[in-house]
2 protein chains.
Amino acid sequence: MNESQAIDALAALAHQTRLQIIRHLVVKGQNGDSAGEIGSAVDASPSKITFHISALERAGLVGSERVSRQIIYRIHFQQLGALLNYLVEDCCANHQELRGCCNVETDNCRSSGSDK
Amino acid sequence: MNESQAIDALAALAHQTRLQIIRHLVVKGQNGDSAGEIGSAVDASPSKITFHISALERAGLVGSERVSRQIIYRIHFQQLGALLNYLVEDCCANHQELRGCCNVETDNCRSSGSDK
DNA sequence: TTCATATTACAATAATACTTGAAATATCAT
DNA sequence: ATGATATTTCAAGTATTATTGTAATATGAA
């Protein structure tokens, strides 16, 4: 992931409705969920759902597949993970103090305990 | 960190200039750096720097302190770490597959290897 | 006090993002 | 074909965010 992709992903996550969609799709896992069901779950109108889920899809955070009349959306854990890696490693240069401030670790430097 | 704080932090990070500022301040560490020096480092005008660094400060990602004529800004690793924790634990419910897709781990569930 | 430096605040504009409702498309069932 | 369902597309309006240049404030030095 490069800087531009990271900015797109961060902007996509920086909205209540979209964060709710992500949360919902995380729970649904590999089964995913249809646009309509997602809309009911997060209490958003059809066009609102299309608007926000398109932003998530453009950022690579979710994928879609048409199944009969419905379109099924699934979370892309890989892209979410890539964003976390980018923030810790590329953006924050694997800084020791960041790992000291949260319970997130990387391959390059693993702390022993955590102060969550 | 709650959802609203996470959205503010994500929105603050979702901009090229602000991401550059973060990167710069990570390198500067506890010494921090003045508004003017930050401006030179990221090639942004004074008022641009004030605008963007204010957004980062509102989101709690940086702190400030006046020292004589300058204002010194420092990164808040704690808030950055809190955001990472929020994404992994609250938003993504510590989902196994997220940890499988990146080299980020949490206290609650630590994977053995990584597929970075 | 006067001047130079460092930074912020403000106002005007431009650019993006969001919301809403109506119309269009795609698929399936009859 | 016709009608019903699921979703997207579009257009209009509103709101938010970003940029630019200028003015104001705060501090220190002469």
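Note on naming: letters A, B, ... go to the chains in the order of the sequence lines (proteins, then strands), and numbering restarts at 1 for each one.
- In this structure Glu97(B) satisfies the salt bridge (Lys or Arg N to Asp or Glu O under 4.0 Å) test with no other residue, sequence neighbours excluded.
- Listed by first and then second residue, the ring pair (Phe, Tyr, Trp, His ring centres under 6.0 Å) pairs that reach into residues 18-37 of chain B come to none, sequence neighbours excluded.
- The nearest whole Å value for the distance from the CD1 atom in Ile72(B) to the C1' atom in dA26(D) is 15 Å.
- Applying the ring-ring contact (aromatic ring centres under 6.0 Å, His included) test to Phe77(B) and every residue at least two apart in sequence or in another chain returns His95(A).
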If you apply the rule side chain to side chain contact (heavy atoms under 4.5 Å, CB included), what do you find for Leu98(B) with Leu84(A), and how did you get there? CA-CA 10 Å; Leu98(B) 177 59; Leu84(A) 296 178; 4.1 Å; yes
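- Residue Val27(A) is found outside any hydrophobic cluster, as its side-chain heavy atoms come under 4.5 Å of no other Ile, Leu, Val, Met, Phe, Trp or Tyr.
- Applying the salt bridge (Lys or Arg N to Asp or Glu O under 4.0 Å) rule to pairs touching residues 28-45 of chain B yields nothing, sequence neighbours excluded.
- Judged as a side-chain hydrogen bond (donor to acceptor under 3.5 Å, both in side chains), the pairs with a partner in residues 56-65 of chain B (not counting sequence neighbours) are, in order, Glu57(B)-Ser64(B), Glu65(B)-Arg74(B).
- Following rounding to the nearest Å, Ile71(B) (CD1) and dT5(C) (P) show an atom-to-atom distance of 18 Å.
- Under the side-chain hydrogen bond (donor to acceptor under 3.5 Å, both in side chains) criterion, the residue pairs touching residues 8-22 of chain B are Glu3(A)-Gln16(B), Arg18(B)-His52(B), with sequence neighbours excluded.
- Rounded to whole Å, atom P of dA4(C) lies 19 Å from atom CD of Gln70(B).
- In this structure, CG on Leu61(A) lies 5.0 Å from CD1 on Ile22(A), to the nearest 0.5 angstrom.
- In this entry the distance linking CZ of Arg58(B) with P of dT16(D) reads 13 Å, nearest Å.
- A straight line from CG of Leu56(A) to P of dT8(D) spans 12 Å, rounded to a whole angstrom.
- Only Ser34(B), Ala35(B), Gly36(B), listed by number, bring a heavy atom of residues 27-37 of chain B to less than 4.0 angstrom from any atom of DNA chain C.
- A close approach under 4.0 Å does not occur between any side-chain nitrogen or oxygen of Tyr73(B) and OP1 or OP2 of dA6(C).
- In this structure, Ile53(A) places its CD1 atom 17 Å from C1' of dT19(C), rounding to the nearest Å.
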Output a table of nitrogen or oxygen pairs between the protein and nucleotides 17-19 of chain D separated by less than 3.5 Å.
residue	atom	partner	partner atom	Å
dA18(D)	OP1	Arg18(B)	NH1	3.3
dA18(D)	OP1	Arg18(B)	NH2	3.1
dA18(D)	OP2	Arg18(B)	NH1	3.2
dT19(D)	OP2	His52(B)	NE2	2.6

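- Whole-Å rounding puts the Ile49(B) CD1 to dT20(D) C1' distance at 14 Å.
- Rounded to whole angstrom, the span from the CD1 atom of Ile38(A) across to the C1' atom of dA6(D) amounts to 13 Å.
- If you chain together ILVMFWY residues whose side-chain heavy atoms come under 4.5 Å of each other, Val67(A) ends up grouped with Ile72(A).
- Looking at residues two or more places apart in sequence or on another chain, you find a side-chain contact (heavy atoms from CB on, under 4.5 Å) between Ala35(B) and Ile49(B), Tyr73(B).
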Interface polar pairs with nucleotides 21-30 of chain C, N/O, under 3.5 angstrom:
residue	atom	partner	partner atom	Å
dG21(C)	O6	Ser47(A)	OG	3.4

